[in-house]
Amino acid sequence: MTEKLSNAQIAWRAAQDIADGAYVNLGIGFPEMVARFQPPGREAIFHTENGVLGFGGAPEPGEEDWDLINAGKKAITLKPGTAFFHHADSFAMVRGGHLDVAILGAYEVAETGDLANWSTGPKGVPAVGGAMDLVHGAKRVAVITDHVTKKGQPKLVERCSLPLTGVGCVTRVYSSLAVIDIEGGRFVLREKLPAITMENLQNLTGAKLHVTAPVEDLICPEL
Amino acid sequence: MTEKLSNAQIAWRAAQDIADGAYVNLGIGFPEMVARFQPPGREAIFHTENGVLGFGGAPEPGEEDWDLINAGKKAITLKPGTAFFHHADSFAMVRGGHLDVAILGAYEVAETGDLANWSTGPKGVPAVGGAMDLVHGAKRVAVITDHVTKKGQPKLVERCSLPLTGVGCVTRVYSSLAVIDIEGGRFVLREKLPAITMENLQNLTGAKLHVTAPVEDLICPEL
Amino acid sequence: MDKRLSSLIEAVADIQDGATVMIGGFGGSGAPIELIHALIDRFIETGSPKGLTVINNNAGNGHVGIAAMIEQGMVKKMICSFPRSADPTVFTQAYLAGEIELELVPQGTLAERIRAGGAGIPAFFTPTSVGTELAEGKPVQQFEGRDYVMERWLKADHALIKAELGDALGNLTYRMAARNFSPLMASAAARTVVQVSHAVEPGAIDPEHIVTPGIFVDAIIEVANPAQEEELNRAGAHHP
Amino acid sequence: MDKRLSSLIEAVADIQDGATVMIGGFGGSGAPIELIHALIDRFIETGSPKGLTVINNNAGNGHVGIAAMIEQGMVKKMICSFPRSADPTVFTQAYLAGEIELELVPQGTLAERIRAGGAGIPAFFTPTSVGTELAEGKPVQQFEGRDYVMERWLKADHALIKAELGDALGNLTYRMAARNFSPLMASAAARTVVQVSHAVEPGAIDPEHIVTPGIFVDAIIEVANPAQEEELNRAGAHHP
């Protein structure tokens, strides 16, 4: 295994592509971390499925109001301009194409843009939440993920083996090793860690990496 | 032509069947008059398509606020408990079956319950408004109407000749001569003016009047 | 981010020939008169935009607002539920002369089609209009023994609406029955421009009271003391 | 008309065995804990209602609210989007033991199905779940070159929800994110019972601020200082 980005660094990299004033939904868990890394001078407006837009970060411990939470059931805070609405309006925002970016976690992403991130198979209790809605509607659906599984298997694959969340929906992957666009059913490598060779990166990827323009160095600050 | 009820008396009779606390939509024009005749001790809650529930009567002349109007574009007033909402929520109330009664005008009503009240044919500018929505959803759709046209032709008919507003939707007709239920594709006479004979009433009606129980006298106050 | 514009001219500058434009209001309540008149002024000066498809409950009254747009010949087609109103001679004459198209939609179906456009629902089923001539040519399907008509979403290139309070993020409230179609239209247009009677800072509207969250709004322009269409018509106003 | 009830016992008395019950809330925010516990108390005392189908975003947390209903064996089936939560052992155990059915619905589809139930829309099309196992067996139709799944409305016999202010006519406001599914559920149930934190007189809520108009509400019961499910669970509470 080679040197790789931490989760915070992956989240930082994803945050760099969010424009000022963008409407953004961050999937529950790891993607929520992206909110911490908004570049100076830019302010994204965050949406959460349970009916809050334009909210602030976590309150101080002990200051939580459990009627003010995000979709991950974590306490959030008000900011000037926060709005409340019901669940049908909330998913009108999602399904109706009003979000600029949704950033989600992944079990697997295919070169077709297919995403699997809700079920690891028939065992246990299935739970889908808003993932299947979020992959439709946002103008840009990005994934942040380790490049390989804990067992070292590729998470970027030709075809997903796990139950799908959505078909042909992902357009960019921020992994622990690279930034990869999905275009025309192909993985197109945009950036990679300077320390990893093309050959090693290809070996850790389950489908062919295409290069259509000079590959940039993926450089993140220490976080 | 025989003695008949005035429009105010027809509206009065229709108002007698509205229970306390009923949610009611009154079609634009003549049906709006029903609101004037709520029996003492009973209070209906009026709905108007353009997003107001539980409003009060007309303001004094000169006191109108033209942002506070009903579907007929007439000025109305606030009452304690009035609520505002947008058009989709307004028609969710209609289509979703939340109204207890809708009272509408008619060009023709058929013994099948079909109603024609929006178009007099291909000439002129067609306009449908909320009529086609109102005939669906309200638990009870009643019509108030003169028993015959200005030319003396029956408005209660076997089959409508004018473009339909809805199929099989009307359950009761309050006419200038009688109160008639529509049951199983038949007109069932419930009440008639004491002064009119069964034979005369049948002659003024375009479909057979059935009698399944003693016909009551239709008696309205002078108004 | 600040969605506030500084002029009505700027507010209507993006509307192209042939565009579909949703315009808020029901009768005179909620009609964004100043935005409409700015658009008419642009047309008079430049000849554009023309060939518009306009979506509104009505088809204009008197000689202001949408009626004045029709009078100028800017409107190719109206999509509405009730083109007959108190003083609708402008639309009536244009329609009877074959100079304007009409798509007549039942009012609740119009509202739901616009909401569907904003909510990413391409089609839905409604009991409204089943068995009538307005259902002709539309798919009918039975659910639980009852017939329903399939209706399609409505979207627009632009929405022009009127609100009461608006903050720099685009959060809006309305005034009484002036709300009507406007929150739906805000969600269903690619670009939504709002004239607000009072522009306020973010946070000035209680988050519980916001009717249209800013995500549905692209630009706001303050028009203090806006004209009310009904009052203009009662005064016999013409634009221009 | 006065929709105010005087006891929680009365509020839940009408729910029959086998009923479908929508319960408001998302996680702990908006969960009508006192109504649910009154229903559980009735079940413990009388053995009824049982065999319930419960509709909620989740499947309960800890040992209060919906989790406690499941623990008592009152629930035959859950319709929800996310039965896995912070402390979902009650549902998980019942599900893995085959003692409870699950209909898993994507969250936005769940919301829209409930809205459709309240709005008289028997079916609609959504892009959500196209090409996934949750779309299996459902009609798929193409609009403008894209596939959509047809989903059906959801209705219920009863809705139990929590609101902040409620007047005698049933007009409601909510508290922050506790709003979530509740306005939709109020519209989609044959009988909607609401626990309000403050019962007020008609007119006490500004007509512009009413979120759920009273037409969607059948009865309200004041529960001052209601329990918050999240706080109960953090304190390790059990009901009964």
Side-chain angles (χ1 to χ4, degrees), chain A residues 28 48-52 55 64-78 82-97 112 114-116 118-119 121-137 160 162-169, chain D residues 26-30 57-59 61 80-86 88 91-92 95-96 102 104-112 114-116 118-119 126-135 146-148 164 174-185 211-212 228-231 233-234:
Chain A
I28 67 178
T48 185
E49 292 95 307
N50 54 317
V52 194
F55 52 89
E64 299 89 349
D65 182 327
W66 296 107
D67 284 347
L68 183 56
I69 58 176
N70 67 12
K73 280 91 175 177
K74 295 197 188 71
I76 54 175
T77 50
L78 294 174
T82 302
F84 297 120
F85 36 86
H86 62 51
H87 247 86
D89 282 349
S90 182
F91 280 89
M93 294 177 191
V94 173
R95 207 191 299 106
T112 54
D114 294 0
L115 174 66
W118 73 280
S119 167
K123 276 189 302 187
V125 177
V128 65
M132 284 193 186
D133 305 279
L134 282 169
V135 297
H136 298 286
C160 294
L162 292 170
L164 293 184
T165 306
V167 174
C169 51
Chain D
F26 180 93
S29 63
N57 186 66
N58 304 102
N61 291 289
C80 65
S81 92
F82 207 81
R84 266 203 321 256
S85 284
F91 175 81
T92 300
Y95 179 74
L96 296 178
L102 171 65
L104 191 70
V105 183
Q107 196 172 133
T109 299
L110 182 63
E112 192 66 15
I114 297 169
R115 182 197 175 265
T126 173
T128 300
S129 91
V130 165
T132 76
E133 63 186 52
L134 294 189
R146 189 172 171 194
D147 284 341
Y148 295 86
E164 181 67 6
Y174 300 88
R175 185 167 183 274
M176 302 197 286
R179 188 182 302 193
N180 57 70
F181 286 89
S182 298
L184 314 173
M185 290 177 169
V211 176
T212 294
Q228 217 285 356
E229 188 189 89
E230 183 75 20
E231 286 167 7
N233 283 329
R234 283 171 184 257

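So you know, we letter chains A, B, ... as the sequences are listed, proteins then strands, and number each from 1.
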Q.
If the test is side chain to side chain contact (heavy atoms under 4.5 Å, CB included), which one of A/V52, A/T82, A/L68 qualifies with D/M176?
A. A/L68
**Q.** From NZ (A/K73) to CG (D/N61), nearest 0.5 Å
**A.** 7.5 Å
Q. So which of D/A178, D/G131, D/P127, D/S129 has the largest heavy-atom pair count under 4.5 angstrom toward chain A?
A. D/P127
Q.
Among A/V167, A/V125, A/L78, A/D89, which residue has the highest count of heavy-atom pairs closer than 4.5 Å to chain D?
A. A/V125
**Q.** Which portion of D/D147 sits near chain A, non-hydrogen atoms under 4.5 angstrom
**A.** neither
Q) Which region of D/L102, side chain (C-beta onward) or backbone (N, CA, C, O), has a non-hydrogen atom less than 4.5 Å from a non-hydrogen atom of chain A, or is it both or neither? A) side chain
Q | Most chain D-contacting option - heavy-atom pairs closer than 4.5 Å, from A/G168, A/P163, A/S119, A/P126 | A | A/P126
(Q) Using heavy-atom distances under 4.5 Å, tell me whether D/R179 contacts chain A through its side chain, its backbone, both, or neither. (A) side chain
Q: Pick whichever of A/D65, A/T48, A/V94 has the most heavy-atom pairs under 4.5 Å with chain D.
A: A/D65
Q) Which region of D/P183, side chain (C-beta onward) or backbone (N, CA, C, O), has a non-hydrogen atom less than 4.5 Å from a non-hydrogen atom of chain A, or is it both or neither? A) side chain
**Q.** Between D/Q228 and A/D67, a side-chain donor and acceptor under 3.5 Å
**A.** yes
Q | Atom group of D/F26 that falls short of 4.5 Å from chain A, counting heavy atoms | A | both
Q: Can you measure from CD (D/E231) to CH2 (A/W66) and round to the nearest 0.5 angstrom?
A: 9.0 Å
Q: Find the one option among A/A92, A/A131, A/G124 whose heavy-atom pairs under 4.5 Å with chain D are most numerous.
A: A/G124
**Q.** Segment of D/S182 engaging chain A (4.5 angstrom heavy-atom cut-off)
**A.** neither
**Q.** Segment of A/A116 engaging chain D (4.5 angstrom heavy-atom cut-off)
**A.** neither
(Q) Using heavy-atom distances under 4.5 Å, tell me whether D/V105 contacts chain A through its side chain, its backbone, both, or neither. (A) backbone
Q: Sort A/F84 into side chain, backbone, both or neither according to what part of it lies under 4.5 angstrom from a heavy atom of chain D.
A: both
Q: May I ask you to name which of A/G130, A/G137, A/G51, A/C169 has the most heavy-atom pairs under 4.5 Å with chain D?
A: A/G130
Q | Flag, side chain of D/N180 to backbone of D/A177, donor-acceptor distance under 3.5 Å | A | yes
Q. For the side chain to side chain contact (heavy atoms under 4.5 Å, CB included) test, which of D/L104, D/T92, D/N58 pairs with D/P83?
A. D/L104
(Q) To the closest 0.5 Å, what do you measure between CG (A/L134) and CD (A/E49)? (A) 4.5 Å
Q. Between A/D114, A/T112, A/T165, which is the residue that forms a side chain to side chain contact (heavy atoms under 4.5 Å, CB included) with A/C160?
A. A/D114
Q.
If we define contacts as heavy-atom pairs under 4.5 Å, which of D/E133, D/R175, D/R115 has the most with chain A?
A. D/R175
Q. How long is the span from the CZ atom in A/R95 to the CD atom in D/E112, to the nearest 0.5 Å?
A. 4.5 Å
Q: Establish, from distance only, whether the side-chain atoms of D/N57 and D/S81 form a donor-acceptor pair under 3.5 Å.
A: yes
